[in-house]
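Worksheet: one structure, shown below.
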There are 2 protein chains.
Amino acid sequence: MTIAAPTGSSRDLPHPQRAEIRLEAVLHALSDPLRLQVVRELAADGDELSCSHFDLPVTKSTTTHHFRVLREAGVIRQIYRGTAKMNGLRRDDLDGLFPGLLDSVLAAAARQAVRLGSR
Amino acid sequence: MTIAAPTGSSRDLPHPQRAEIRLEAVLHALSDPLRLQVVRELAADGDELSCSHFDLPVTKSTTTHHFRVLREAGVIRQIYRGTAKMNGLRRDDLDGLFPGLLDSVLAAAARQAVRLGSR
DNA sequence: CGACTCGTACGATAGGCATCGTATTACGGT
DNA sequence: ACCGTAATACGATGCCTATCGTACGAGTCG
């Protein structure tokens with residue numbers, strides 16, 4: 001065990017395995033407007049985005065908290081890339097576990113955004 | 001306006017109109033295991049069910065609370081029918097607002113039920 | 001090295017919520 | 001008219017959570 005850091009970074013974050021992801025936790029994670037917005041942007045971009053890319057109307061502490069909720073629910077995957085932390089949707093795992101769910105939620109969110117003030 | 005009670009009952013419950021239903025509220029309502037279970041049974045039955053039909057591991061007070069959350073989120077419709085209160089899924093409204101969402105969630109719940117101890 | 005940036009950790013706080021128990025109201029039947 | 005049943009209302013309680021502020025740790029670049 002002399003080797004501590006497998007991939008080069010000394011920091012690594014706990015992610016639930018695919019089989020550990022619970023539907024209720026996913027729904028709960030998505031039921032917050034801030035977090036749903038983050039997920040929508042991640043899905044729209046399709047790639048990894050840094051935490052600082054998002055311009056959320058809360059402090060950095062709160063932002064960290066929301067990202068952790070999403071990660072612990074299994075919705076996103078976070079990895080450190082130098083000084084930034086990159087966030088990516090776990091689309092493969094979610095689609096594998098709950099086919100169509102993520103797309104339905106994203107479509108619903110998009111529809112509602114149009115229905116309300118859009119923006 | 002001499003007629004007060006349209007359908008015969010003096011009690012009526014506040015329901016959000018279709019346009020008032022918010023995705024976040026729906027997701028939050030479905031993120032509770034008890035409530036998700038109720039919605040699954042309602043969807044399986046396809047018809048209206050009385051509150052007392054459900055055998056939830058909580059007291060009646062708590063049951064009332066959960067049904068109210070579902071109703072106020074716009075997930076179910078409740079009407080008094082004599083001494084019982086019948087509950088029905090607002091499938092038409094939900095499908096109209098968020099096509100495919102409800103079915104995805106139900107399918108996801110069914111899959112997870114099989115994946116875990118089923119029952 | 002030193003300074004700056006990104007994000008975490010920890011504490012504190014206030015509000016929400018799931019839960020209960022008990023008292024109360026509304027209907028239906030005897 | 002009376003009782004039983006279905007469900008609500010209300011108050012209490014303890015937990016969860018969204019939010020903040022400040023202090024700290026890890027990397028990057030001058």
Donor-acceptor pair under 3.5 Å: do we get one between A:Ser61's side chain and the base of C:dA9?
yes
In whole Å, what is the span from the NZ atom of A:Lys60 to the C1' atom of D:dA18?
18 Å
Quickly work out the A:His53 NE2 to C:dG7 P distance and round it to whole Å.
12 Å
Distance in angstrom units between A:Leu30 CG and D:dA18 C1', rounded
17 Å
Sole candidate of A:Asp93, A:Asp95, A:Asp92 that passes salt bridge (Lys or Arg N to Asp or Glu O under 4.0 Å) when paired with A:Arg18:
A:Asp93
Hey, what do you get for NE2 (A:His66) to CD1 (A:Ile76), rounding to the nearest 0.5 Å?
12.0 Å
Whole angstrom value for the distance that separates P of C:dG7 from CD of A:Gln78:
10 Å
For A:Arg81 and C:dC6, what is the distance between atoms CZ and C1' respectively, to the nearest whole Å?
15 Å
Below 4.0 angstrom from OP1 or OP2 of C:dC20, is there any side-chain N or O of B:Thr62?
yes
Looking at the side chain of B:Thr64, which of D:dG21, C:dG7, D:dA7 is the nearest nucleotide?
D:dA7
Taking only N and O in the side chain of A:Arg68, is any of them less than 4.0 Å away from OP1 or OP2 of C:dG7?
no
For B:Phe67 and C:dT19, give me the distance from atom CZ to atom P, rounded to whole Å.
13 Å
D:dA7, C:dG7, C:dA18: which one has an atom nearest the side-chain heavy atoms of B:Ala84?
D:dA7
What is the distance from atom CD of A:Glu24 to atom CG of B:Leu34, rounded to the nearest 0.5 Å?
10.5 Å
Could you state the interatomic distance from CG (B:Asp32) to NE2 (B:His65), rounded to the nearest 0.5 Å?
7.5 Å
Categorize A:Ser52 for me: base, sugar-phosphate, or nothing, with a 4.0 angstrom heavy-atom threshold over every strand shown.
sugar-phosphate
Answer with base, sugar-phosphate or nothing: what part of the nucleic acid does A:His28 contact at a heavy-atom distance below 4.0 Å?
sugar-phosphate
Expressed as a whole number of angstroms, how long is the span from B:His65:NE2 to D:dA7:P?
17 Å
Near DNA chain D, counting only heavy atoms under 4.0 Å, which residues of residues 31-42 of chain A show up?
A:Asp32, A:Arg35
Is the number of heavy atoms from other residues, nucleotides or ligands within 6.0 Å of CG (A:Asp55) greater than 12?
no
Atom CZ of B:Phe54 and atom P of D:dA6 are separated, to the nearest Å, by 15 Å
If you compare all heavy atoms of B:Glu48 against all heavy atoms of B:Arg81, which two are closest, and at what distance to 0.1 Å?
OE1-NH2, 2.8 Å
Under 6.0 Å from the CD atom of A:Gln17, do we count more than 12 heavy atoms belonging to anything else shown?
no
